[in-house]
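A quick write-up on the structure given underneath.
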Amino acid sequence: MNHTPSNPKHPTTSNDRPDGERRMVPLTVWLCSDPRGENLPPRPGTRSNRERPGTAICVQHRQTIGCELAQHLISTCTGEGALVAEGFTTSEATLITAARLDRRAIALVPHFPLAQHIGSRLRAALDQQQLTRVQMRPVRPDQMDRGLADHLGRVSLVIGAPPPYETGGHNPKRDSGTGCPACRADLWMLSSEQLGLFMASAWRVLAPGGVLAVVTTARHQAGRLIDPAPRIIRHAQSLGFRYAQHVIALRVPVEGDALVVQAGPTDLAQLRDARSSALPPTVGVHAAVSLFKKPQEPASSPGPDGPSRGRTR
């Protein structure tokens with residue numbers, strides 16, 4: 001198993017072959033198992049950073065992009081002092097990791113309660129100098145080029161982990177009174193179709209040679225398998241991106257030759273007799289990370305009537 005990140009900036013002959021010729025995309029595996037229920041210890045000298053009961057990010061959203069995956073992405077795709085942008089933000093992981101790696105980062109967080117929660121977590125984890133490297137802007141993912149108008153063509157890495165309703169599935173039913181700020185943000189943005197426009201905006205804000213990282217998870221829903229990666233890859237290529245690398249991000253620890261899968265309350269509720277003819281419950285142990293590179297000498301940016309108006313569903 002190769003868990004050493006390979007560098008999508010490294011020139012490969014596979015990306016320079018004539019159009020229409022088949023090529024192999026590099027594949028690697030990253031170990032990205034963040035501890036469950038990770039809590040940030042308050043920094044000395046800070047005011048109370050305790051979260052009110054019921055306001056923590058749920059496990060599902062905290063695992064979307066955890067600190068380990070963020071560290072792999074940022075250290076592999078950028079250099080010191082680079083600028084990282086994140087859309088579909090659900091936690092503080094990318095901002096904290098970027099600041100600790102001496103990068104600058106901007107997260108798009110249009111939902112104010114979620115921004116408040118992330119802000120409190122940032123103040124608990126980072127010192128004053130590190131806090132100057134990160135910020136949030138109240139714009140939707142599809143508005144990234146407008147929200148980062150002062151950084152057009154200067155971003156080194158754009159990260160996005162679109163939710164299920166953006167990738168051809170349905171959002172899991174959640175109680176509108178849930179305490180998770182990211183769940184409430186999902187409910188607020190449920191009717192939006194932003195993924196295609198987000199990818200087109202990423203083209204505009206990325207510097208030549210910059211990388212777009214889209215994190216997805218295949219899942220069973222309504223009796224069928226939904227894998228959003230192929231459709232996202234086709235759309236990215238239609239915008240002019242080069243498909244540079246595919247990564248399997250393992251979200252569970254590895255002990256010897258076995259994956260350590262810890263069942264949660266929802267998983268335990270699905271346990272059944274081994275002799276049952278019903279399909280066993282599915283457990284998500286990895287995410288798929290598609291890395292797309294903006295060419296060093298890109299073609300003209302997608303215009304208002306071109307692929308940028310398209311939506312990936």
Side-chain angles (χ1 to χ4, degrees), residues 5 7-10 15 64-65 69-110 115 118 122 130-162 194-215 232 235-245 247 289-303 306-308 312:
N7 191 347
K9 290 189 174 184
H10 183 74
N15 280 332
T64 303
I65 296 182
L69 176 54
Q71 181 165 340
H72 276 296
L73 286 170
I74 294 170
S75 60
T76 300
C77 302
T78 69
E80 188 173 322
L83 176 60
V84 177
E86 181 183 34
F88 302 104
T89 304
T90 61
S91 76
E92 71 286 345
T94 296
L95 294 177
I96 288 178
T97 304
R100 289 174 174 170
L101 292 175
D102 293 323
R103 272 69 160 178
R104 297 172 296 135
I106 301 174
L108 308 183
V109 190
I118 293 176
L122 293 175
Q130 292 172 329
L131 283 172
T132 62
R133 301 178 189 144
V134 299
Q135 58 179 284
M136 291 178 282
R137 296 193 177 180
V139 294
R140 299 194 314 262
D142 60 309
Q143 300 172 326
M144 180 166 52
D145 54 340
R146 284 178 278 175
L148 301 182
D150 52 334
H151 295 291
L152 291 180
R154 296 163 54 191
V155 176
S156 297
L157 171 65
V158 172
I159 300 173
Q194 304 172 48
L195 180 54
L197 299 179
F198 163 74
M199 296 172 70
S201 293
W203 176 276
R204 299 186 182 100
V205 303
L206 280 169
V211 176
L212 167 63
V214 183
V215 182
I232 289 173
H235 189 77
Q237 291 175 327
S238 74
L239 291 170
F241 285 105
R242 292 178 180 172
Y243 186 22
Q245 188 167 349
V247 177
V289 185
S290 302
L291 299 181
F292 305 100
K293 186 175 180 181
K294 183 175 180 178
Q296 290 287 351
E297 297 180 359
S300 58
S301 299
S308 63
T312 302

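These numbers were taken from a predicted model, which means no experiment stands behind them.
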Quick one: closest heavy-atom pair of [X] and [Y], and the distance?
X: Gly153; Y: Pro208; answer: O-CD, 4.3 Å
X: Ile65; Y: Ser91; answer: O-OG, 3.8 Å
X: Val109; Y: Ala115; answer: CG1-N, 3.6 Å
X: Pro141; Y: Leu108; answer: CA-CD1, 4.0 Å
X: Ala99; Y: Val134; answer: CB-CG1, 3.8 Å
X: Ala93; Y: Ala70; answer: O-CB, 4.2 Å

Do [X] and [Y] come within less than 4.5 Å of each other through their side chains, counting heavy atoms only?
X: Pro162; Y: Val214; result: yes
X: Met136; Y: Ile118; result: yes
X: Ser201; Y: Gln143; result: no
X: Phe88; Y: Val215; result: no
X: Leu206; Y: Lys293; result: no
X: Thr94; Y: Thr89; result: no
X: Leu239; Y: Phe292; result: no
X: Val158; Y: Met144; result: yes

Does the [X] side chain pair with the main chain of [Y], one donor and one acceptor, at a distance under 3.5 Å?
X: Thr97; Y: Gln71; value: no
X: Lys294; Y: Trp203; value: yes
X: Arg204; Y: Asp145; value: no
X: Arg103; Y: Gly79; value: yes

Kindly compute the distance separating [atom1] ([X]) from [atom2] ([Y]), expressed to the nearest 0.5 Å.
X: Ile106; Y: Glu86; atom1: CD1; atom2: CD; result: 12.0 Å
X: Leu69; Y: His72; atom1: CG; atom2: NE2; result: 7.5 Å
X: Leu95; Y: Leu122; atom1: CG; atom2: CG; result: 5.5 Å
X: Arg154; Y: His151; atom1: CZ; atom2: NE2; result: 5.5 Å
X: Thr78; Y: Leu73; atom1: OG1; atom2: CG; result: 9.5 Å
X: Asp142; Y: Met199; atom1: CG; atom2: CE; result: 13.5 Å

